[in-house]
There are 2 protein chains.
Amino acid sequence: MVSASVKDVAALAGVSVGTVSNVLNRPEKVSGEVTARVQAAIDKLGFVRNDAARQLRAGMSHSVGLVVLDAANPFFTELARGAEDRAAAEHFTVLVGNSNEDAGREAAYLDLFEQQRVRGVLLSPVGNVIPRLEQMRRRGIPTVLVDRQADNPSFSSVAVDDLAGGEMAVAHLLSTGRRRIAFVGGPEGIRQVADRLAGARKAMETAPDATLEVISTESLTVLSGRAAGEAIRLRPAAERPDAIFAANDLLAVGVLQGLMLMGGVPVPDEIALIGYDDIEFAAAAVVPLSSIRQPSALIGSTALELLLREASSEAGFVPRQVVFPPELVVRASTRA
Amino acid sequence: MVSASVKDVAALAGVSVGTVSNVLNRPEKVSGEVTARVQAAIDKLGFVRNDAARQLRAGMSHSVGLVVLDAANPFFTELARGAEDRAAAEHFTVLVGNSNEDAGREAAYLDLFEQQRVRGVLLSPVGNVIPRLEQMRRRGIPTVLVDRQADNPSFSSVAVDDLAGGEMAVAHLLSTGRRRIAFVGGPEGIRQVADRLAGARKAMETAPDATLEVISTESLTVLSGRAAGEAIRLRPAAERPDAIFAANDLLAVGVLQGLMLMGGVPVPDEIALIGYDDIEFAAAAVVPLSSIRQPSALIGSTALELLLREASSEAGFVPRQVVFPPELVVRASTRA
DNA sequence: CCCTTTCATTGAAACGAATCAAAACTGTGA
DNA sequence: TCACAGTTTTGATTCGTTTCAATGAAAGGG
């Protein structure tokens with residue numbers, strides 16, 4: 001029942017283990033006759049290489065880790081796809097962990113990845129992990145931050161300019177005549193949320209007659225959004241905002257559900273709504289959602305490329321902060 | 001730069017490697033004074049256990065593999081979450097692979113998982129992998145099929161009765177007076193698709209005056225659905241179906257988009273639409289989608305439990321085919 | 001026919017952690 | 001002081017693969 005090893009293969013084929021290894025790794029070094037005999041033995045025994053042993057010998061794995069804030073968010077699945085495709089091209093595997101916006105789970109995944117001796121880590125951080133990442137780098141495991149710009153210039157990052165994106169979203173709302181803006185998002189400890197809000201505040205400066213209300217949520221999920229939407233719907237009409245900027249599309253979808261429950265508040269007539277990420281479902285929502293598009297797969301593939309470059313460069317690697325521009329996508333939810 | 005090993009820790013602490021190992025794995029066997037010295041050395045050197053070495057020694061990993069048809073489908077992310085939660089409780093890790101409905105990628109992931117000596121595999125199969133799975137079982141790696149019932153009674157599976165679900169969906173359409181039904185889905189090689197269609201056919205038998213048209217798609221994605229929806233929209237009105245059953249919600253969302261483009265065909269007035277899976281976005285669609293709900297997280301956790309049980313039972317394990325009942329969820333898209 | 005070169009093949013050593021029988025302690029009672 | 005029973009600690013061995021210096025055999029040159 002226990003699986004066959006090179007030793008068994010070697011014995012059956014009547015060669016040494018070194019030769020079996022050569023057949024596996026440097027077939028050009030081995031004569032045709034021997035190769036055939038070894039192959040036959042491999043097939044007969046159902047030999048499968050033991051990755052743990054290879055890795056132990058090699059000292060490093062052929063994997064990289066990826067920790068995302070929310071594996072159910074299509075933005076991150078797209079990002080992961082981009083990273084995986086790029087990794088596959090280099091014969092690397094991506095191990096995906098879901099921190100669920102929880103610093104504890106994030107740390108647990110980093111532990112795991114260190115124990116696996118991954119080549120590097122792509123991270124969309126929750127807590128303040130910079131000290132931890134510096135420690136990991138000292139141990140030879142580099143990190144590239146994804147979906148948020150590194151404030152520490154010694155780290156590479158691939159992100160979209162969330163400040164500009166937030167500004168863009170609110171400027172758009174203002175340009176359609178809205179004045180009582182609400183920002184729905186949280187927790188503020190998450191950098192993307194903070195930046196998008198900061199961008200929103202910046203846009204507000206251009207309209208002194210407009211007001212910005214901040215409505216905090218527990219997480220960036222449809223459920224949190226629905227709760228926020230319902231709370232707004234239940235307010236007296238006069239106290240409702242006339243436009244909502246949601247920190248991501250999941251929230252926006254939830255807000256929309258919350259607002260429309262029981263023939264509620266019409267969107268965009270009474271309240272305009274814009275999200276962030278432009279996930280595939282945004283266009284398919286009850287009221288097609290305006291959003292700020294991020295090139296998710298491109299972020300993933302670019303980050304992976306930077307990571308592998310940093311991992312393989314002996315020294316003198318210069319970290320890069322790649323910033324893609326966000327793009328406003330206007331749909332029915334913000335039409336006048 | 002290369003990381004420290006137990007040997008280094010032992011040297012610094014002035015003890016043997018065996019003692020370091022004991023501190024790590026059986027702290028109760030080691031005196032307080034020594035434990036403290038070893039801990040200090042571990043911290044000082046930044047020692048991190050090498051998983052490859054542990055695994056090699058142990059002979060088996062602490063992971064299970066999961067191969068899904070489409071990692072971007074919320075149904076599967078939910079299923080994965082269920083499996084991961086259950087696995088975490090048993091101190092196991094889940095490695096997720098995305099076959100993307102491609103038999104080649106599926107096989108590649110199975111290869112990878114075998115090399116990693118995973119404890120077992122959860123699989124939502126594309127091709128005919130049964131022979132392969134039997135081979136893996138002989139090598140000590142059991143499989144549990146997810147989201148489709150095993151036709152081979154020697155395999156465990158956790159699924160929803162897709163035949164009943166398909167029947168339920170079409171029976172519902174018929175009960176609202178629809179008569180020209182279309183099934184949108186594919187490829188038919190995927191068992192879930194075939195079963196849901198078979199269920200649809202079964203329901204048709206109760207209504208001799210109704211017709212069922214099958215519209216094949218390349219894949220179970222929003223994009224494929226949109227193409228199908230557009231094709232239907234472009235037909236002369238008389239040749240359009242009056243109800244559509246989409247093989248999953250992603251398709252349904254796409255069909256909806258395709259139908260409604262350029263102020264197209266009204267749903268449900270002219271065409272009713274029902275999907276399958278009841279993903280979170282179904283309720284949030286332009287026209288909230290009726291659907292057949294599957295308990296996705298429960299499928300994942302149940303499958304993981306069966307898998308671990310099979311993996312740890314010496315012999316005489318009796319495979320089980322768990323079948324959950326589907327549930328009809330009626331929303332606006334099929335209202336008369 | 002011997003010497004050199006080339007080439008395929010060998011086999012021991014390494015990777016890092018876990019195990020476990022044996023050794024080294026400790027303290028107790030005689 | 002010694003025997004004995006516990007308790008700690010030791011260190012050689014194991015896991016499966018890769019690597020690489022060494023070996024052997026065959027081919028080519030003089």
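If you're wondering where the values come from, they're calculated on a predicted model, not measured in any experiment. Below, chain A is the first sequence line, B the second, and so on; all start at residue 1.
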Atom pair distance, as rounded to whole Å: CD in A/E28 and C1' in C/dT6: 16 Å
Check ion pair B/R49-A/D111 (N to O, under 4.0 angstrom): no
Interatomic distance where CD belongs to B/E114 and C1' belongs to D/dG16 [whole Å]: 16 Å
Sugar-phosphate, base or nothing in reach of A/V20, heavy atoms under 4.0 Å: nothing
Whole angstrom value for the distance that separates P of C/dT19 from CG of B/L24: 11 Å
Interatomic distance, A/Q116 CD vs C/dG16 P [rounded to whole Å]: 16 Å
Atom-pair distance (CD on A/E33; P on D/dA26), nearest Å: 13 Å
Proximal nucleotide (of D/dT9, D/dT17, D/dG11) relative to the B/T19 side chain: D/dT9
Euclidean distance, atom NE2 of residue A/H62 to atom P of D/dT17 [Å, nearest integer]: 17 Å
Neighbour count above 12 (heavy atom, 6.0 Å) for B/R320 CZ: no
Sugar-phosphate only, base, or nothing, as touched by A/N25 at under 4.0 Å among non-hydrogen atoms: sugar-phosphate
Side-chain N or O of A/S21 closer than 4.0 Å to phosphate OP1/OP2 of D/dT19: no
Listed nucleotide nearest any side-chain atom of B/V17, set C/dT10, D/dG11, D/dT10: D/dG11
Proximity to DNA chain D (any heavy atom under 4.0 Å), residues of residues 48-61 of chain B only: B/L56, B/R57
Nearest-nucleotide 5' precedence on DNA chain D, A/A4 against B/S16: B/S16
Touch class at under 4.0 angstrom, heavy-atom based, for A/R26 against every strand present: sugar-phosphate
Minimum-distance nucleotide (side-chain atoms of B/F47 versus C/dT9, D/dG16, C/dA17): C/dA17
B/L145, B/D151, B/V126, B/D147 screened by side-chain contact (heavy atoms from CB on, under 4.5 Å) with B/R191, the one that passes: B/D151
Sub-4.5 Å side-chain heavy-atom contact between A/E114 and A/R132: yes
Phosphate contact (C/dC7 OP1 or OP2) by A/S31 side-chain N/O below 4.0 Å: no
Over 12 foreign heavy atoms within 6.0 Å of CD, B/E218: no
Heavy atoms from other residues, nucleotides or ligands near CD of B/Q135 exceed 12 (cutoff 6.0 Å): yes
Pair A/E84 + A/R81, salt bridge at N-O below 4.0 Å: no
Nucleotide D/dA21, atom P - distance to NZ of A/K29 in whole Å: 13 Å
